[in-house]
Amino acid sequence: MPLLFNKNSEHAKSPPESNRFGSSLQFKFSRLTMIFWMFMATQSFVPTYLLLKGFSSIRVGTVTAMISLLGILSPPIWGMLADKIKSSKKTYLICLSCATVFIALVPIAGEMKIAGILLMTVLLPIIQFFRIPSDSIMNNWIMRISQRHDRMDYGSIRPWGSFGYAMMCTLYYFLMRMYSPDAIFIIPLILIIPIVYFAMKLPDSHENTTENTHKEKLHPARLFKNYYYMAFLVFIFLLSIPLFAIFVFRTYLIVEVGGDPAIIGLIIGVKILCEVPTMVMSRRLINRFRPPVVLLFVGAIFLTEHFLYTICATTLQVILVQMIQSLGNGLYIPTFVNYINKIAPKELTATAQSIQAMVRSTGGIVASLLGGWAIGAFGIRTLFLITFSMMLLAVVFFVLSFVFGQKVLKIEPPVPLFRTKNAQ
């Protein structure tokens, strides 16, 4: 009853007022998401930056491997902190503020060495230690808020991030060519100001909720006893290997079909824009068909994509296949975020999202090692036969995980794949 008289409570709002408040929040989170992904765009240019600084391919590979390793280690740490202090917003701002401090040091570091090690090669992985978790923490923050407001939709918010990312990638391309590669580390120092300003005006993930979690200690180990969550992590891992393989090695495919590697910039732009329609539709599809069904549909799109890579003969065909992949990716991102929030305990959702980010980073390392070996030994086409097979394995495993859980373990899924008499 006291909540009904709390003027700060979201639950005390009348339905029309709540709808207006939800619409206002959607606009504010969309604005923050766009600026956030403008801030994040620097990460796509790190290999290019190192090459322009005269790094050999071996040294570039070493630095990016260190970045991937920290991408595995850091998300669970920050996710558990967010759950412990019950604040995704504070954790998010801490991560980005720390990342900004180290970003500012990169242009200053230059050729500076400490104990014979180039300082810049240490700073770049440290930046990612803070920056990589901020994505999953923000996803969890938005999802928790959207669950309290019908007019707020993650699928309509995330496309603004794609627009911001595409816009900033284009700007960085010209800045690096016209001025200096160091320019990509100057812009984030400006962007952090509106990020902090707008984030501070938004409600927190645990703010004004009726969840009684303060009496119960957090036990992240509960996640590893959650059968459907663990099965989903295996599915995510298997799926991430093919997805990262095309991200890392698509340049080789362009060369294979006689194209100019520089066209990768155009492909990225087209790919990002093609994600938007399915992202906008994602909430409606998730509500109508349930997250596991949508994930199977996404798997079918990715399967088609990787099969087509084995027969592409022109650059245009590669671009068209990348557009197909984007339609699946636009659904994949909001759906797996939604699904994890449904199957994980509410007090551990930030930790659960961060662990899946760690698992996806692990898949990225496997993809890099597997892809490098496969291309060297057999060629790019064989790599995509392998990734097609792994994608098929992922989809089959996902279906069988529900069958095994229900028929053998007798555990009912929080979100069923198959319709039953009790499932709506």
Side-chain angles (χ1 to χ4, degrees), residues 25-26 28-41 43 71 74-83 86-96 99 128 130-149 152-165 195 198-199 202-207 223 229 232-233 236 239-240 243 272 275-276 278-280 282-283 286 291 294-295 298 329-361 363 415:
L25 278 178
Q26 174 147 321
K28 292 176 181 178
F29 270 109
S30 297
R31 178 176 58 190
L32 179 64
T33 299
M34 183 176 72
I35 302 172
F36 167 69
W37 280 104
M38 291 169 69
F39 180 95
M40 294 288 279
Q43 63 190 6
S74 63
I77 296 173
W78 293 104
M80 284 188 285
L81 174 64
D83 285 329
K86 295 181 174 57
S87 176
S88 292
K89 180 167 74 173
K90 290 178 183 177
T91 309
Y92 170 80
L93 290 175
I94 291 170
C95 284
L96 289 186
Q128 296 303 84
F130 296 106
R131 188 159 53 180
I132 288 176
S134 61
D135 179 21
S136 58
I137 290 170
M138 187 176 191
N139 285 339
N140 179 64
W141 180 15
I142 295 173
M143 287 299 300
R144 288 182 68 99
I145 297 293
S146 66
Q147 287 170 358
R148 309 205 294 266
H149 300 283
M152 187 173 160
D153 175 22
Y154 176 88
S156 297
I157 293 172
R158 183 58 177 78
W160 290 101
S162 297
F163 283 126
Y165 196 88
I195 287 176
F198 290 132
L202 289 166
D204 208 339
S205 54
H206 295 70
E207 191 173 291
L223 290 170
Y229 177 71
F232 187 66
L233 289 184
I236 284 283
L239 209 63
S240 295
L243 293 179
I272 290 174
E275 290 179 358
V276 174
T278 47
M279 276 189 180
V280 173
S282 62
R283 184 182 187 184
I286 290 169
V294 176
L295 286 168
V298 169
N329 203 49
L331 282 175
Y332 176 58
I333 295 171
T335 305
F336 81 68
V337 171
N338 178 287
Y339 182 60
I340 288 176
N341 273 33
K342 288 182 181 296
I343 63 176
K346 288 185 178 181
E347 68 274 15
L348 291 172
T349 51
T351 303
Q353 295 288 358
S354 298
I355 290 174
Q356 67 79 18
M358 175 190 72
V359 170
R360 286 195 295 149
S361 294
V415 186

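Remember, predicted model here, so these are calculated numbers, not experimental data. Counting begins at 1 with the first residue of the sequence.
- Closest approach of Gln356 to Ile236, counting heavy atoms only: O-CG2, 4.3 Å.
- Legend: residues meeting side-chain hydrogen bond (donor to acceptor under 3.5 Å, both in side chains) with Ser30, ordered by chain and number and at least two apart, are absent.
- Rounding to the nearest 0.5 Å gives a distance of 11.5 Å between CG of Leu25 and CG of Leu32.
- Tested against Gln353, the residues Leu348, Ile137, Asn341 include a single side chain to side chain contact (heavy atoms under 4.5 Å, CB included) partner, Asn341.
- Among all heavy-atom pairs drawn from Ala82 and Ser88, the shortest one is CB-CA, 4.3 Å.
- Partner of Tyr92 under the ring pair (Phe, Tyr, Trp, His ring centres under 6.0 Å) criterion, out of Phe36, Phe130, Phe198, Trp78: Phe36 alone.
- Leu239 places a side-chain heavy atom less than 4.5 Å from the side chain of Tyr332.
- Side chain of Lys89 to main chain of Leu202: a donor-acceptor pair is present (N/O by atom type, distance under 3.5 Å, no hydrogens or angles).
- Note that CD1 of Ile77 is 10.5 Å distant from CE of Met358, once rounded to the nearest 0.5 Å.
- Listed for the Trp141 side chain is a donor-acceptor partner under 3.5 Å among the backbone atoms of Pro203.
- Heavy atoms only, all atoms of each residue included: Lys86 and Asp204 are closest at O-OD2, 4.2 Å.
- Listed by chain and number, the residues in a side-chain hydrogen bond (donor to acceptor under 3.5 Å, both in side chains) with Ser134 amount to none (sequence neighbours excluded).
- Taking CD1 of Ile286 as the start and CG of Leu331 as the end, the distance is 7.5 Å to the nearest 0.5 Å.
- Side-chain contact between Leu223 and Pro345: present, with at least one pair of heavy atoms (C-beta onward) separated by less than 4.5 Å.
- When each of Met34, Met279, Met138 is paired with Arg158, the side chain to side chain contact (heavy atoms under 4.5 Å, CB included) condition holds for Met279 and for no other.
- By the 30° and 60° cut-offs, the orientation of the rings of Tyr339 relative to Phe232 is perpendicular.
- Interatomic distance, CD1 of Ile132 versus OG of Ser74, reported as 5.5 Å (0.5 Å rounding).
- Legend: residues meeting ring-ring contact (aromatic ring centres under 6.0 Å, His included) with Tyr229, ordered by chain and number and at least two apart, are absent.
- Closest heavy-atom contact between Thr278 and Gly330: OG1-CA, 3.3 Å.
- A distance of 15.0 Å separates CZ in Phe163 from CH2 in Trp37, rounded to the nearest 0.5 Å.
- Annotation: the span from Ile195 atom CD1 to Thr33 atom OG1 amounts to 10.0 Å, rounded to 0.5 Å.
- The side-chain hydrogen bond (donor to acceptor under 3.5 Å, both in side chains) test applied to Thr351 returns Asp83, not counting sequence neighbours.
- Partners of Tyr165 by side-chain hydrogen bond (donor to acceptor under 3.5 Å, both in side chains), not counting sequence neighbours, listed by chain and number: Ser44.
- Nearest approach of Thr335 to Pro291, heavy atoms of both residues: CG2-O, 3.5 Å.
- With sequence neighbours left out, the ring-ring contact (aromatic ring centres under 6.0 Å, His included) criterion links Phe39 to no other residue.
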